[in-house]
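Here is the structure we will look at.
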Amino acid sequence: MPRSLGITSLQILGAIRDGNAYGLEIVTRTGLPSGTVYPTLGRLKKSGLIKPSWEDQRTAEREGRPRRRYYELSAEGSHALADGAAHMADVAANLGAGLVGDAR
Amino acid sequence: MTRRPTHFLIRLAAWLVPGDLRQEWREEWIAEVDALEAARAEGASALPRLNEFAMGALPHAVWMRTEGWTMDSVLQDVRYSFRVLRLNPGFTLVAALTLALGIGANASIFSLVDGLLFRAPAQIEQPERLVQIARSYESAPRWDNFSWPAVRTIREEAQALSGVAAYSGRAFVLGRGAEIESVLGEYVSGEFFSLLGV
């Protein structure tokens, strides 16, 4: 598992948390540029946090379009997302406390 | 934008992707832009623009090409290149000469352009203090000349400047009889040369 995930990686993991998603869906859900999303997907795949799989050819043919590549979280990816989200919550809480202290 | 230009861009970027991954990479990107185009046609909201989305294929392809690079693999490629060059001395000589000629020609042209266009002539005393004054209009954004009375007004009013000189380009006729020729020159005001320090 990677040492620590950046906010982009966490956003992408979060976008596919609820099931399969293909690239465009991830771009739309996260609002990140496609030039950021696809390389990050590649890195997450290499780290074993997500699993890509090709859609069944017959499904795509039935709908008259090319087959899509879907991404889903691996078990390790789910853990990484939970850990990363908790870490981000801590960071946000500390930041908030610091800001309140400064305001006084 | 029709589908064709985005497909063309993806096919072009695909050349950067390593050969064993290229077909699947292209298939995925084509499916993505087709999905986006279909969704836009159906009027779905909050979608990225087609062109911007397709442009993402380029950084992705570059990433695919470079993600496996390590210092060892780069050094291995360099060593392999040297071995191949040593085995083909004729090709190496032609390649080296071509490169030398290209680099030399580029350096010469750059020196010329740098000297003529980017730097003030060496005779000017303090080129960093020299400014050019001109005027432009919203309807005609190109720089325009001043009338002589306007130059005099600027000379009187411009407190920040140590002096103001004017010039105006003209074609002059030089020579006598059958040996006359037309040359380009400038009319300049009296303080022109002393202001430049020439």
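Below, chain A is the first sequence line, B the second, and so on; all start at residue 1.
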If you group Ile, Leu, Val, Met, Phe, Trp and Tyr by side-chain heavy-atom gaps below 4.5 Å, do Met55(B) and Val33(B) land in one group? no
Begin from the C-alpha positions of Tyr22(A) and Glu28(B) and carry the test side chain to side chain contact (heavy atoms under 4.5 Å, CB included) through to its verdict. CA-CA 9 Å; Tyr22(A) 60 99; Glu28(B) 181 177 13; over 6 Å; no
Pick one of side chain, backbone, both or neither for Glu52(B), based on which atoms fall under 4.5 Å of a heavy atom in chain A. backbone
Kindly work out whether a path of hydrophobic side-chain contacts (I/L/V/M/F/W/Y, heavy atoms less than 4.5 Å apart) joins Leu47(B) to Ile12(A). yes
Same hydrophobic cluster for Val188(B) and Leu130(B), using side-chain heavy-atom links shorter than 4.5 Å among ILVMFWY? yes
Nearest non-hydrogen partners of Thr28(A) and Ala46(B), listed with the distance: CG2-O, 3.3 Å
Which atom of Trp29(B) lies closest to which atom of Ser34(A), heavy atoms considered: CH2-CB, 4.0 Å
For Glu32(B) and Tyr38(A), which I'm curious about, is there any donor-acceptor pair between the side chains at under 3.5 Å? yes
When you group the ILVMFWY residues by side-chain heavy-atom contacts below 4.5 Å and let the links chain together, are Met88(A) and Leu81(A) in the same group? yes
Inter-residue atom distance Thr40(A).OG1 - Trp63(B).CH2, 0.5 Å rounding: 8.5 Å
Counting neighbours of CD on Gln23(B) that are heavy atoms of other residues, nucleotides or ligands and sit closer than 6.0 Å, is the number greater than 12? no
Ile7(A) atom CD1, neighbour heavy-atom count above 12 within 6.0 Å: no
Arg68(A) and Ala35(B) have their tightest heavy-atom pair at NH2-CB, 3.5 Å
Does any heavy atom of chain B fall under 4.5 Å from the side chain of Pro33(A), the backbone, both, or neither of them? neither
Stepwise, does the side chain to side chain contact (heavy atoms under 4.5 Å, CB included) test hold for Glu27(B) with Arg69(A)? CA-CA 9 Å; Glu27(B) 194 178 349; Arg69(A) 182 182 253 176; over 6 Å; no
Check: Pro59(B) and Thr36(A) side chains under 4.5 Å, non-hydrogen atoms: no
Say whether Leu50(B) and Ile10(B) are linked into one hydrophobic cluster, either directly or through other cluster members, by side-chain heavy-atom distances under 4.5 angstrom. yes
